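Notes to accompany the following structure.
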2 protein chains.
Amino acid sequence: MKRATIKDVAEAAGVGVATVSRVLSGGSASPETRERVLAVAAQLDYRPSALGRNLRQRRTGGIGLLLPDLTDSFHGGLAEGVLACARSAGEPVVIGSTGDDPEQEAELIGMLLEQSVDRVIAVPAGDADTWRPALKAGMGVVFADRLPYEPDAAEEEATAAVDELMMLDGVPAAPASRPAVRPRPLDVPAVLTDDRSGIRTAVQYLRGLGHRRIAYLGGPGRERRVEAFRQAVGGVPDEELIVFSDGSRDSAYAAASGLFQTRPDLTAVLAGGNMLGEAAVLAARELDLRVPRDLSVIMFDDVPWAELCFPPLTVIAQPARDMGYRAAELVLRTGPRRPRSVLLPTELVIRGSCGPRL
Amino acid sequence: MKRATIKDVAEAAGVGVATVSRVLSGGSASPETRERVLAVAAQLDYRPSALGRNLRQRRTGGIGLLLPDLTDSFHGGLAEGVLACARSAGEPVVIGSTGDDPEQEAELIGMLLEQSVDRVIAVPAGDADTWRPALKAGMGVVFADRLPYEPDAAEEEATAAVDELMMLDGVPAAPASRPAVRPRPLDVPAVLTDDRSGIRTAVQYLRGLGHRRIAYLGGPGRERRVEAFRQAVGGVPDEELIVFSDGSRDSAYAAASGLFQTRPDLTAVLAGGNMLGEAAVLAARELDLRVPRDLSVIMFDDVPWAELCFPPLTVIAQPARDMGYRAAELVLRTGPRRPRSVLLPTELVIRGSCGPRL
DNA sequence: CTGAAAGCGCTAACAC
DNA sequence: GTGTTAGCGCTTTCAG
């Protein structure tokens, strides 16, 4: 049994297809005609096919959503936010999981392009070069949670972008030694959490507890957080206390475990993401480090398990769902002027994993 | 700058559009022509538009994915599995979050229909009636994790379907008092976890530890698990020890807390899902019930936090990712014969939340 | 206010 | 082997 087409409706209602189209998209029509068309359409269970419409309008009208990993509850929350907004706008969402791999990301971008999905929200895995094709093709892109780094002058560019954003925070960037002019990396709106303020809050909290040797566990694509950490601890940071992992659980665990073993003198650790936090807790437990007696742990990003953990984890919460919702709003805003980026606040949630230095 | 169309390529290569189409979809063409077309296509950065193709073929070719909640790590894993399979098949995935609400689900089904997405994988929220329209429209549907219940004869039908599946388990359903003929509810393939065996294992484990008063915390759409629980405890189950919640966190907490307070004599609780498990742990902690000394807790579904919990939670793990992958395989299998359902095994992961009855 | 007609980009007959 | 052509279902001028 085939689906009814606009033509079927037109015939059955004794009008032209154009009229049906108009009625269904709220155009002008005599009340009488409108009535009849609507009735027939309902009777035939007619649904306008998005296929025809999209082809005609040369756009799909959906939203692409590219995330590193749906298993991560932060990304899950982000996705929920996007979906909520998309639904209220009646837009379908095409999702892809990149595994934090630039190649897969590039492939997925290609797929979206092929589907004529012209708007996309992404937690980018690749660098600016990965994204340039999408931009050149005229896609409306909004980044969430982080920005793609510049392949060449990675650090400087990233810093520049961050500085600009940090102005919103009310704290002007250090005038520092910045070369004259530098081309902004990617001129794309983004929804980010206020890493700098979150990290600063965490470090201050730890300091207030008497901690001086604070370590930082970082993940990939998180330059802003490390930078903020360095700034927050002030002076010349002890670089040995700053360790990184790639996106995997194993590497996170290895980083945490290695750190705790080489630097038994540290008394507190700040995990730059929920997977790192998980690794820190596990590694500490494995090494018989009691939390918070021997080691205070604080984690960036709140997750359901933080409360169930022993001891319950103190965290810097970021509004994952809101981020998604805002990102969707931005990408949907088809205004003449390009939307501005958004910086969302964090919140320190004190539970039981941080204690005074003994 | 407009995207190149097949026509542009044809002109630039000095051939007809059909030839271009053939070359790009692996049809026959002289090596020479093929070469030239490919070169021109690459040079023009040509991407065939899915829009045109889909309209022509009257189908989108994507996969719809409808889940209750992406924040739940089980669903996240499921989604990852689906995406992995879909990517290797080059199919886009359109996702929707139903919030476990039949109405939203129905709406999303409508959206997929409109998009001509003709295959969908779902963890259904609604009943059979919600799904009949999709089936009638010729959608290829595969359910994951659970089956839609029958609105009228809810219990009987569900049980019938389960019995049939349980045969795969090697354990024939009890011949019991089953009426002669009964129409199967929805004839749709599904990928389910072997709830019966999982629940049985859990109950036996608990029994082996000496527990006799075992409670069950159930969620919505989980008739099979409760039924399995009743069967596993045998005899006439103490119905007061079986409590339910709707999908929300609050209701789960309320159910657990209420249960623990009204029945202080229970010594073990089996949570029928990860949110229920979370609630059980929290409620126990709130009531100063020590786990596992005062109360043994076991949870259906493994999650990352189970290991971080205190004490680490003993669980019945189900292969979320595999479920998604298998479901995608099923829905993609365009065979002449309808694919059969799949029952996936569970695994008891013993950690520290269950102890002997004291 | 309404209908006829022209495509949107692509594939699949069908001719050559 | 390759080109021509006819739509897929819809929106949108453009006449009436």
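If you're wondering where the values come from, they're calculated on a predicted model, not measured in any experiment. Letters go in sequence order (proteins before strands), and every chain restarts at 1.
Atom CZ in A:R3 sits about 15 Å away from atom P in D:dC8, given to the nearest Å. Distance, B:Q115 CD to D:dC10 P: 13 Å, rounded to whole Å. Put simply, CZ on B:R59 is 17 Å from C1' on D:dG9, counting in whole angstrom units. When the C1' atom of D:dA6 is taken as reference, atom CG of B:L55 falls 13 Å away, rounded to whole Å.
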Check nucleotides 12-16 of chain D for protein N or O atoms closer than 3.5 Å to its own N or O atoms and list the pairs.
none

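An angle of 40°, rounded to 10°, separates the two end axes of the helix from C:dC1-D:dG16 to C:dC16-D:dG1, each defined over five pairs.
When side chains are defined from C-beta on, A:L24 counts as touching A:L38, because their heavy atoms get closer than 4.5 Å.
Counting non-hydrogen atoms of neighbouring residues, nucleotides and ligands closer than 6.0 angstrom, the CD atom of B:Q57 exceeds 12 such neighbours.
In this view, B:D118 and B:R59 satisfy the salt bridge (Lys or Arg N to Asp or Glu O under 4.0 Å) rule, not counting sequence neighbours. A:F74 meets the ring pair (Phe, Tyr, Trp, His ring centres under 6.0 Å) test with no other residue; sequence neighbours excluded.
Contacts between residues 38-54 of chain B and DNA chain C, defined by a heavy-atom separation below 4.0 Å, involve B:Y46, B:R47, B:P48, B:S49, B:G52, B:R53, listed by number.
Heavy-atom minimum distance, A:R146 versus A:D100: NH2-OD1, 2.6 Å. The two atoms that bring A:G324 and A:L78 nearest to each other are N-CD1, 3.1 Å, heavy atoms only. Looking at every heavy atom in both residues, B:A50 comes nearest to A:Q115 through CB-OE1, 3.7 Å.
The span of DNA chain C lying next to chain B, judged by atoms under 4.0 Å from heavy atoms, is bounded 5' to 3' by C:dG9 to C:dA13.
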